[in-house]
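All remarks here apply to the structure that follows.
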Amino acid sequence: MSLNLSLSINGDSRETLAVQLRNAFRTRIEEGVLRPGTRVPSSRQLAADLGVSRSVVVEAYGQLCAEGYFVSQHGSGTSVAAAARTDTGSALTPDDRPPTAAVWDLRTGSFHPCTFPRQDWIRAVSTVVNSAGRRELGYAPPSGLPVVRHTLAGYLGRVRGVRTRPEDLMITSGFAQGLALLCHELRARGHDSVGVEDPGHPGEWEFIANAGLRPVGLPVDRDGIRVDALAASGVRAVLTTPASQFPTGATLSAERRAHLVTWAETVDGYIIEDDFDAAFVAPTQRMPALQSLAPERVIYAGSASKVLAPALRLGWLATPANLTTPIERVRAGWDIGCSGLEQLAFARLIDTGTFDRHLRRLGADLQKRRQAVNQFVARHLPDVTPLGGDSGLQAYLVLPGRCAEEAVVRAAHRRQVLVRGGRFYALRADDRPPALVIGYAGVRGPELGRALAGLATAYRETTGRTGS
Ligand SMILES: Cc1ncc(COP(=O)(O)O)c(C=O)c1O
């Protein structure tokens with residue numbers, strides 16, 4: 001096997017070549033650059049690559065083995081020892097450590113690998129790769145391949161009523177990049193703050209703050225974001241989730257939609273519509289995108305993270321025409337666009353109708369899970385109130401009065417159920433009732449029942465309440 005290694009030694013140094021080589025390996029191992037278990041090239045190959053005599057490498061390797069940095073096994077070569085000293089601990093805090101297989105993950109943002117349409121994706125990628133020529137394998141335009149933007153514009157118009165032109169669509173690296181681009185441009189236009197829903201997504205507030213803007217929390221109720229509070233806040237841009245408020249699941253009412261657009265026109269401002277989970281809104285609750293009411297005021301943002309997989313890092317922005325060029329300029333300074341092949345595979349899924357079929361299946365599956373959560377709550381946690389109907393990817397459960405939210409979360413963790421309390425999603429500390437937010441995108445089938453049973457036991461243990 002021919003292994004490559006980035007390493008150099010200096011013929012002018014006063015140290016012998018073998019010592020230099022040994023020190024170079026030791027430093028890389030101690031810094032964690034060369035990880036335990038990493039195979040290193042054979043002495044013959046490394047000597048040839050470095051242009052030194054093989055005996056130099058044999059001497060260095062022998063020393064590293066003697067010091068416990070390397071292990072050498074007949075037939076399988078030499079590698080960095082499993083117990084080799086490394087100074088770098090895990091950057092992950094205990095709470096962020098990936099859950100073990102025995103843990104049920106009811107946190108929002110979790111994802112079930114079964115829901116990714118592997119065969120469809122493989123077929124689409126295979127078709128695209130087989131037919132890719134010079135243009136497809138070269139640099140895609142930073143805003144995305146025109147043919148893909150054309151397909152996506154048609155799709156968004158058909159499914160969400162989005163009114164856009166392919167040239168005003170930008171393919172982004174997920175919603176996250178779209179938000180970061182927009183915040184950057186808003187800052188350049190003199191904005192110093194952005195209104196956000198409270199409760200909402202703490203990760204988004206971080207993106208906003210990183211762009212030098214202040215996230216201003218705005219209350220939400222059963223009709224979605226409170227436009228009266230928005231108007232009183234003084235901000236001129238707002239980030240909102242009208243289809244299904246994250247995390248409460250409320251749909252922005254028709255009346256509020258009209259008020260929101262009037263507000264944006266009055267303050268000469270912008271609305272960022274995060275439509276990432278619209279596919280999971282129950283058909284009876286579904287409304288066209290807010291953007292369809294005011295394409296010059298609303299920046300529409302979508303994502304493939306929930307409908308395909310977060311790993312694709314595929315998202316899109318439909319910008320008002322006067323923002324398109326400025327946003328493209330910002331993007332040009334950031335990267336050179338997203339993978340053209342993945343864009344083409346995504347467009348192929350849409351063009352062949354495979355994506356629609358997949359979404360119908362996935363939507364029905366998630367709706368079933370949501371109904372299972374609601375039924376479980378009604379039966380086993382009767383004093384808990386779920387918000388948001390039968391849609392979305394998470395259920396927001398309001399707990400009774402003085403229930404200690406954090407204690408329930410901790411008790412659930414002890415029962416191997418990862419879940420978050422409402423406090424996690426709150427920007428302002430206020431007197432909102434305690435809550436649990438149950439993300440059910442990552443757990444399905446009988447596992448969901450087990451996870452909910454563990455949660456209910458944790459709840460009863462903590463509150464002393466009895467349930468059936
Ligand atoms: C509120 C919200 N918006 C958008 C997204 C999608 O983000 P991205 O496309 O960067 O994965 C998520 C993902 O969890 C989300 O929670």
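Positions are given from 1 along the sequence. Counting starts at 1 for both ligands and their atoms, in listed order. All values derive from a computational prediction rather than experimental measurement.
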Give me the nearest non-hydrogen protein atom to [atom] as residue plus atom name, then the distance to 0.1 Å.
atom	answer
atom 7 (O) of ligand 1	Phe175 CB, 3.6 Å
atom 15 (C) of ligand 1	Phe276 CE1, 3.5 Å
atom 11 (O) of ligand 1	Ser305 OG, 2.6 Å
atom 16 (O) of ligand 1	His201 CD2, 3.0 Å

Show the atoms of ligand 1 that are less than 4.0 angstrom away from any heavy atom in [X].
X	answer
Glu204	1 (C), 2 (C), 3 (N)
Asp274	1 (C), 2 (C), 3 (N), 4 (C)
Ala176	10 (O)
Gly174	9 (O), 10 (O)
Ser303	6 (C), 8 (P), 9 (O)
Lys306	13 (C), 14 (O)

Note to self: Counting only heavy atoms, tell me which of Gln177, Arg313, Gln394 gets closest to atom 10 (O) of ligand 1.
What the structure shows: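 Shortest heavy-atom distance from atom 10 (O) of ligand 1: Arg313.
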Next item on the list: Look at atom CZ of Phe207 and say whether more than 12 heavy atoms of other residues, nucleotides or ligands are closer to it than 6.0 Å.
Entry: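 Check fails, neighbour count at 12 or below.
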Item checked: Pair Gln245-Thr248, side-chain donor/acceptor within less than 3.5 Å ->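 Looking only at side-chain atoms, Thr248 and Gln245 do form a donor-acceptor pair, the distance falling under 3.5 Å.
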Next item on the list: State whether a side-chain donor-acceptor pair under 3.5 Å links Glu197 with Thr240.
Entry: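 The criterion, which ignores hydrogens and geometry beyond distance, is satisfied for Thr240 and Glu197.
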In terms of side-chain geometry, is the basic nitrogen of [X] or [Y] positioned less than 4.0 Å from the acidic oxygen of its partner?
X	Y	value
Arg165	Asp168	yes
Glu328	Arg331	no
Arg256	Asp228	no
Asp268	Arg189	no

Notebook entry, point to check: Below 3.5 angstrom, do we get any N/O pair linking Thr241 and ligand 1?
Noted result: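 Between Thr241 and ligand 1, no N or O pair is found under 3.5 Å apart.
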Next item on the list: Verify, without hydrogens or angle tests, whether Asp390 (side chain) and Arg370 (backbone) share a donor-acceptor contact under 3.5 angstrom.
Entry: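 No: the side chain of Asp390 does not pair with the backbone of Arg370.
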